[in-house]
Amino acid sequence: MKLVLAVVQDKDSQRLSSALVENNFRATKLASTGGFLKAGNTTFIIGTEDEKVDEVLEIIKDNCQHREQLVAPVSPMGGNADSYVPYPVEVEVGGATVFVVPVEQFLQF
Ligand code: 2BA
Ligand code: 2BA
């Protein structure tokens, strides 16, 4: 069994969630925050059989888009001065950042 961890943009999360259910995959959605943009994104946890991982990855690819996002200057006040961006910059946010990790045990009590 594998655990697929996918960080996706909030705009795609509903579509991806529906596609996973339609294809009979079980998933858990977590509200998360990107370390760089400090904006909300969604992390999907999908536990599935090894042989179904490719299918999950296809579903993620088909339902998550790349987008350009403008990062406005943000005051470091109350935040971390290390990550201060002094001028607006455009960054390309990927469709999805995905990790696939082995599952040692899957238990449901
Ligand atoms: P949910 O996805 O909201 O699912 C709630 C319950 O609905 C499930 O309980 C299961 O009994 C049923 N269910 C879910 N998907 C189904 C499907 N495709 N067909 C028929 N019945 C379905 P649990 O299995 O106890 O799961 C409770 C929660 O644990 C799930 O909430 C989900 O958040 C998480 N979860 C379960 N299996 C997972 C997995 N393989 N990967 C990631 N998260 C999982
Ligand atoms: P954020 O950390 O908010 O990053 C949003 C986008 O900003 C990134 O898109 C990337 O294009 C850019 N970016 C991030 N860090 C940067 C840096 N130090 N310098 C210049 N540009 C930078 P993606 O790479 O598609 O990542 C989207 C989201 O996926 C990230 O949101 C983060 O939540 C997650 N992510 C990406 N790589 C990760 C990793 N290795 N581990 C954990 N989470 C990751």
Side-chain angles (χ1 to χ4, degrees):
M1 193 178 199
K2 294 279 194 291
L3 196 62
V4 178
L5 297 167
V7 184
V8 310
Q9 295 177 55
D10 286 345
K11 284 176 189 158
D12 295 321
S13 73
Q14 199 49 54
R15 211 157 82 103
L16 177 57
S17 199
S18 304
L20 289 168
V21 171
E22 272 165 33
N23 289 278
N24 223 10
F25 285 105
R26 306 218 170 176
T28 298
K29 263 169 46 171
L30 306 176
S32 44
T33 305
F36 186 67
L37 293 180
K38 302 195 174 19
N41 52 28
T42 303
T43 301
F44 280 80
I45 301 179
I46 308 155
T48 192
E49 301 312 316
D50 290 24
E51 57 275 17
K52 290 196 169 172
V53 168
D54 287 343
E55 193 187 336
V56 171
L57 297 180
E58 277 306 313
I59 293 170
I60 295 171
K61 253 195 252 172
D62 289 348
N63 287 281
C64 299
Q65 292 173 22
H66 281 255
R67 291 187 187 86
E68 295 292 331
Q69 203 159 316
L70 203 63
V71 187
V74 258
S75 156
M77 255 177 56
N80 187 344
D82 296 346
S83 57
Y84 178 50
V85 181
Y87 47 84
V89 285
E90 205 161 73
V91 292
E92 186 182 354
V93 185
T97 296
V98 182
F99 305 88
V100 180
V101 295
V103 173
E104 202 163 300
Q105 282 190 307
F106 171 68
L107 307 166
Q108 287 191 303
F109 297 117

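In listed order, ligands and their atoms are each counted from 1. Here the structure is a predicted model, which is why all the values come from computation and not from measurement.
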Could you tell me which atoms of ligand 2, counted from 1 in the order shown, lie closer than 4.0 angstrom to a heavy atom of [X]?
X: Leu37; result: 1 (P), 3 (O), 5 (C)
X: Val7; result: 29 (O), 33 (O), 34 (C)
X: Glu92; result: 9 (O), 10 (C), 11 (O)
X: Gly94; result: 9 (O), 23 (P), 25 (O)
X: Gly34; result: 1 (P), 2 (O), 3 (O), 31 (O), 33 (O)

For [Y], is there any backbone N or O sitting under 3.5 Å from a side-chain donor or acceptor partner on [X]?
X: Thr43; Y: Val7; value: no
X: Ser13; Y: Asp10; value: yes
X: Gln9; Y: Gln65; value: yes

Nearest neighbour of atom 33 (O) of ligand 2 from the list Asn41, Thr42, Val8, on a heavy-atom basis
Asn41
Who gets closest to atom 8 (C) of ligand 1 by heavy atom: Lys29, Gln108, Arg26, Glu49?
Arg26
Under the side-chain contact (heavy atoms from CB on, under 4.5 Å) criterion, do Ile60 and Ile46 qualify, and how do the steps go?
CA-CA 11 Å; Ile60 295 171; Ile46 308 155; 4.3 Å; yes
Hydrophobic clusters here meaning ILVMFWY residues chained together by side-chain heavy-atom distances under 4.5 Å, can you tell me if Leu70 and Leu37 are in one?
no
Same cluster or not: are Phe106 and Phe44 linked, directly or through other Ile, Leu, Val, Met, Phe, Trp or Tyr residues, by side-chain heavy atoms under 4.5 angstrom apart?
no
Where Val53 and Val100 come nearest, the two heavy atoms and their spacing:
CG1-CG1, 4.1 Å
Heavy atoms only: give me the nearest Asp50-Met1 pair and the separation to one decimal.
OD1-N, 2.8 Å
What is the closest protein heavy atom to [atom], and at what distance does it sit?
atom: atom 42 (C) of ligand 1; value: Ile45 O, 3.2 Å
atom: atom 40 (N) of ligand 1; value: Gly47 O, 3.0 Å
atom: atom 29 (O) of ligand 1; value: Thr28 OG1, 4.3 Å
atom: atom 38 (C) of ligand 2; value: Thr97 CG2, 3.8 Å
atom: atom 39 (C) of ligand 2; value: Phe99 CZ, 3.7 Å
atom: atom 1 (P) of ligand 1; value: Ala27 O, 4.9 Å
atom: atom 6 (C) of ligand 2; value: Val93 CG2, 4.0 Å

Has Lys52 got more than 12 heavy atoms of other residues, nucleotides or ligands less than 6.0 Å from its NZ?
no
What do you reckon, is CD of Glu104 surrounded by more than 12 foreign heavy atoms closer than 6.0 Å?
no
Let's go through Leu20 and Lys29 carefully: what are the C-alpha distance in whole Å and the side-chain angles of both, what is the deciding distance for side-chain contact (heavy atoms from CB on, under 4.5 Å) to 0.1 Å, and is it a yes or a no?
CA-CA 11 Å; Leu20 289 168; Lys29 263 169 46 171; over 6 Å; no
Looking at [atom], tell me if a protein heavy atom falls under 4.0 Å from it.
atom: atom 21 (N) of ligand 1; result: yes
atom: atom 31 (O) of ligand 1; result: no
atom: atom 25 (O) of ligand 1; result: yes
atom: atom 3 (O) of ligand 1; result: no

Atom indices of ligand 1, in the order listed, that fall short of 4.0 Å to a heavy atom of Asn24:
18 (N)
Run Thr28 and Leu30 through side-chain contact (heavy atoms from CB on, under 4.5 Å) and show every step you take.
CA-CA 7 Å; Thr28 298; Leu30 306 176; 4.3 Å; yes
Can you confirm, on distance only, whether ligand 2 has an N/O atom lying under 3.5 Å from any N/O atom belonging to Gly35?
yes
Looking only at distances, can you tell me whether any N or O atom of Phe36, backbone or side chain, sits closer than 3.5 Å to an N or O atom of ligand 2?
yes
Apply side-chain contact (heavy atoms from CB on, under 4.5 Å) to residues Val8 and Thr42 and explain how you reach the verdict.
CA-CA 5 Å; Val8 310; Thr42 303; 4.1 Å; yes
